[in-house]
Novice: 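Before I ask anything, here is the structure I am working with.
We name chains A, B, ... by the order of the sequence lines, and we start the count at 1 in each one. The structure displayed is predicted, hence computed values, not measured ones.
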There are 2 protein chains.
Amino acid sequence: MATHTNRGDRVATDRRTAILEGAARLIARRGVRGLRVEELAAEAGVSAALIYYHFKDRAGILLRTLEFIGDRAERYTAERCDGSTPDRHRRELEQSFLLELQDLPEVRENSIAWGELRASAVFDPALRGDLAQAGAAWAHEVAGLLGAVLPVASATALAESAERLTALLEGLSMRWLSGVLSLEHAQELIVEAIAVETGRPSEGEN
Amino acid sequence: MATHTNRGDRVATDRRTAILEGAARLIARRGVRGLRVEELAAEAGVSAALIYYHFKDRAGILLRTLEFIGDRAERYTAERCDGSTPDRHRRELEQSFLLELQDLPEVRENSIAWGELRASAVFDPALRGDLAQAGAAWAHEVAGLLGAVLPVASATALAESAERLTALLEGLSMRWLSGVLSLEHAQELIVEAIAVETGRPSEGEN
DNA sequence: GTCTATACAAGGATAGAC
DNA sequence: GTCTATCCTTGTATAGAC
């Protein structure tokens, strides 16, 4: 369709991105339900009309923003630091979870947005596609890491372990974000859960 | 203050309860954020003005409803069927979790409301008190049940196990409610998690 | 305590100029 | 593509009669 790319298009794309970044920030601050188009316009430094021009309506904004956040998450999720030390694999597994439990703006934004997406999907089936897809990809990745730690485990056992660990992380993340659980404690709990799931209760366990 | 209780008070109390029940249903259907006072009025068969008369404002409705739901949850949570069969205690523990994973209107309502409360608390610190209190009580109860299964475990180990299991249940519950995980699978996963946490990997595990 | 009627505000969305 | 101005729906909350 687009036979050429002029400066106007570049500017437009930049504005689009600015809007999405602003939306991510605002969702982290006020939630999906608390996102106001006017406010987003101010945050992104554009007019409200422009947002409608680019994203059709409020639902469009939400959908694109959640996609945007999903893509962005792959950046800090994609930590490949191979090597073959003995329990190197376990560390890698732990890392992949601990990366989601950090008090960094981007991580918070992504976690909050994910929680919001999950909660909204309870009432809005339109969101379930994204949710299921991203969730499955994540679980699959975790199952792979688990497989490296437990080479003898069956594929289904690995898949179920992965489901439990990812579901647990979501639960812990929500407790952290809702101010009921400290970040440090959440980190300890997930690490210990990994230990339990991989059959290595660490010191102090029963 | 109230020196007597006449028929008018009885009716008023009934209406109050009807409103709270309606609110619970509506929250389960549309979420906390989707709760509309007019709609609630219709659902409860009263006028909107009456709701404001009884609950002051929208926030008041929410707070009372969440209390109401919390109290109601104790009913089906309070299953005491003692006896001292060998792994009687484990069954009791499993039951206490499986009670939260049933496709009954009341259970759904409570689970959804709980998820909404959790999600709302991320942006509204006013809700964190209720959340922390109810969560702590639940975790404590679970720790007790765990203690019966693992008499030799330390108190902290039990508390941490309880935290992991309750957080996992919340995560699984959200996945079920958001239509990404079947109820049966959620039940299997929590039962298996209990097995793993109590150190008895069931058949098929690695 | 409970209702009807209504004021009032906020927010989503569009029109039309540039 | 982008803005300013504006419309209009929806939803919270109150006034005042009964």
Novice: Figure out the CD/C1' separation between Glu39(A) and dA10(C), and round it to whole Å.
Specialist: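 Interatomic distance, CD of Glu39(A) to C1' of dA10(C): 12 Å.
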Novice: Ignoring the backbone of Asp57(B), work out which of dT2(D), dA13(D), dG1(C) is nearest its side chain.
Specialist: dA13(D)
Novice: Output all residues satisfying salt bridge (Lys or Arg N to Asp or Glu O under 4.0 Å) with Glu188(A), sequence neighbours left out; order by chain, then residue number.
Specialist: none
Novice: So, using salt bridge (Lys or Arg N to Asp or Glu O under 4.0 Å) as the criterion, who are the partners of Asp103(A) when residues are at least two apart?
Specialist: Arg108(A)
Novice: Could Glu109(B) and Arg29(B) be called an ion pair, given the rule that one side-chain N must be under 4.0 Å from one carboxylate O?
Specialist: no
Novice: Return all side-chain donor-acceptor pairs below 3.5 angstrom for residues 59-70 of chain B, not counting sequence neighbours, or 'none' if the list is empty.
Specialist:
| from | atom 1 | to | atom 2 | distance (Å) |
| --- | --- | --- | --- | --- |
| Thr65(B) | OG1 | Ile61(B) | O | 2.7 |

Novice: Using whole Å, what does the distance between atom P of nucleotide dT4(C) and atom OH of Tyr53(B) come to?
Specialist: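 That distance rounds to 17 Å.
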Novice: For the pair made of CG in Asp14(A) and P in dG1(D), what is the distance, rounded to whole Å?
Specialist: 12 Å
Novice: Restricting both atoms to N or O, compile the protein contacts to nucleotides 8-11 of chain D shorter than 3.5 Å, with distance only.
Specialist:
| from | atom 1 | to | atom 2 | distance (Å) |
| --- | --- | --- | --- | --- |
| dG11(D) | OP1 | Arg36(B) | NE | 3.0 |
| dG11(D) | O5' | Arg36(B) | NE | 3.2 |

Novice: Could you work out, with side chain to side chain contact (heavy atoms under 4.5 Å, CB included) as the rule, every residue matching Ala121(A), not counting sequence neighbours?
Specialist: Leu127(A), Arg128(A), Leu131(A), Ser178(B)
Novice: Going by the rule salt bridge (Lys or Arg N to Asp or Glu O under 4.0 Å), which residues pair with Glu94(B) if we only count those two or more places apart in sequence or in a different chain?
Specialist: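 Partners of Glu94(B) under the salt bridge (Lys or Arg N to Asp or Glu O under 4.0 Å) test: Arg91(B).
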Novice: Check side chain to side chain donor-acceptor pair (under 3.5 Å) between Glu39(B) and all other residues, then give those that pass, not counting sequence neighbours.
Specialist: Arg30(B)
Novice: Could you work out, with salt bridge (Lys or Arg N to Asp or Glu O under 4.0 Å) as the rule, every residue matching Glu170(B), not counting sequence neighbours?
Specialist: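 Partners of Glu170(B) by the salt bridge (Lys or Arg N to Asp or Glu O under 4.0 Å) criterion, ordered by chain and then number, come out as Arg175(A), Arg118(B).
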Novice: I need the residues from residues 43-52 of chain A with at least one non-hydrogen atom less than 4.0 Å from DNA chain C; give them sorted by number, or say none.
Specialist: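 Result for residues 43-52 of chain A: Ala49(A), Tyr52(A), sorted by number.
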Novice: Tell me: CZ of Phe55(A) to P of dG12(C), nearest whole Å?
Specialist: 15 Å
